[in-house]
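The structure appears right after this line, and notes come after that.
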Amino acid sequence: MLSIRSFLMAKFYDASMRKTEKRCLGSWRKELLGNLAGEVLEIGSGTGVNLSYYPHNLQRLVLSEPEPNMRRQLQEKVDRQGAQQVKVVGCGAENLPFSEASFDIVVSTLVLCSVTSPEQTLAQIWRVLRPGGKLVVLEHVGAENDPRLARWQRRLEPLWKYLGGNCHLTRLTAHLVERAGFAPELERAIMIGAPPVVRPVIKGMARKSP
Ligand SMILES: C[S@@+](CC[C@H](N)C(=O)[O-])C[C@H]1O[C@@H](n2cnc3c(N)ncnc32)[C@H](O)[C@@H]1O
């Protein structure tokens with residue numbers, strides 16, 4: 001049953017996001033990823049939507065994705081692009097198979113909602129980042145400033161998680177990032193075109209102390 005849900009999610013992910021990508025996600029991805037440099041790790045890369053937004057002259061780009069159906073599409077996109085410095089790795093973000101301080105930047109877009117443990121994931125991101133390195137974040141979050149929407153997020157979360165690959169609606173990710181030790185520079189935004197329960201978003205970056 002889980003594998004059917006995973007298969008369907010991977011198959012229809014790009015199509016289901018198209019409207020939101022056009023209305024806001026695409027320009028946010030461009031703004032957040034377009035000027036990155038150095039060695040970059042992306043967690044939960046999914047079907048590889050971010051791939052076309054990275055600069056071509058990155059020193060190294062590692063795209064990690066634990067779900068095999070998503071990863072297949074990701075690998076196909078990487079192969080089509082033919083970029084030598086891009087590598088696809090199959091792993092969850094709670095257990096990153098990289099040594100300490102091996103990346104300048106870690107990218108997480110719409111992933112911290114779905115990982116089993118955001119705390120463990122953030123600890124792993126901290127570990128693999130070099131001192132002064134940065135975590136680039138684009139995540140939908142719990143509606144802290146809208147009690148009515150927060151109530152709907154709580155009500156719908158069990159079903160949403162079941163159908164949406166463990167995607168949580170109520171995570172207060174900005175606080176988790178700060179609690180993990182990062183110095184966040186995050187702004188709040190609204191994901192226009194998405195269902196109301198996933199509209200509250202944080203985006204920006206959070207730095208590991210030098
Ligand atoms: C909503 S999709 C986002 C995909 C992509 N990052 C994007 O911006 O479109 C969530 C992704 O997180 C991945 N994921 C789920 N659990 C994960 C985990 N524990 N570690 C890393 N990635 C995970 C899913 O397989 C899926 O590809």
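Index from 1, following the sequence. Counting convention: from 1, in listed order, for ligands and their atoms alike.
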> Is any side-chain heavy atom of Val128 less than 4.5 Å from a side-chain heavy atom of Leu41?
Replying inline: yes

How does [X] reach ligand 1, by side chain, by backbone, by both or by neither, if only non-hydrogen atoms under 4.0 Å count?
| X | answer |
| --- | --- |
| His140 | neither |
| Glu65 | side chain |
| Cys167 | neither |

To the nearest 0.5 angstrom, please state how far the [atom1] atom of [X] sits from the [atom2] atom of [Y].
| X | Y | atom1 | atom2 | result |
| --- | --- | --- | --- | --- |
| His56 | Leu61 | NE2 | CG | 11.5 Å |
| Tyr53 | Leu25 | OH | CG | 8.5 Å |
| Ile125 | Leu112 | CD1 | CG | 5.5 Å |

> Counting heavy atoms only, which of Gly46, Gly165, Gly44 is nearest atom 6 (N) of ligand 1?
Replying inline: Gly44

>> Counting only heavy atoms, tell me which of Val111, Val198, Leu25, Leu110 gets closest to atom 10 (C) of ligand 1.
In response: Leu110

> Is it true that a side-chain atom of Lys208 and a backbone atom of Leu129 form a donor plus acceptor pair closer than 3.5 Å?
Replying inline: yes

> Hey, is the main chain of Ser52 close enough, under 3.5 Å, to the side chain of Arg29 for a donor-acceptor pair?
Replying inline: no

> Between the side chains of Gln73 and Tyr13, is a donor N or O closer than 3.5 angstrom to an acceptor N or O?
Replying inline: no

> Between Arg127 and Gln124, is any side-chain donor less than 3.5 angstrom from a side-chain acceptor?
Replying inline: yes

Ligand-side contact atoms (ligand 1) for residue partner [X], heavy atom cut-off under 4.0 Å:
| X | answer |
| --- | --- |
| Thr109 | 3 (C), 5 (C), 6 (N), 7 (C), 8 (O) |
| Glu94 | 18 (C), 19 (N), 20 (N) |
| Glu67 | 25 (O) |
| Ser114 | 15 (C), 16 (N) |
| Ser45 | 5 (C) |
| Ala93 | 18 (C), 20 (N), 21 (C) |

Tell me the protein heavy atom at minimum distance from [atom], and give that distance in Å.
| atom | answer |
| --- | --- |
| atom 23 (C) of ligand 1 | Pro66 CG, 3.6 Å |
| atom 18 (C) of ligand 1 | Val115 CG1, 3.6 Å |
| atom 9 (O) of ligand 1 | Tyr13 OH, 2.7 Å |

>> Could you check whether any heavy atom of Met17 sits closer than 4.0 Å to an atom of ligand 1, since that is the contact criterion I want to use?
In response: no

> Taking 4.0 angstrom as the limit, do Arg199 and Asp146 come out as a salt bridge?
Replying inline: no

>> Using a strict threshold of under 4.0 Å (side-chain N to carboxylate O), is an ion pair present between Arg130 and Glu39?
In response: yes

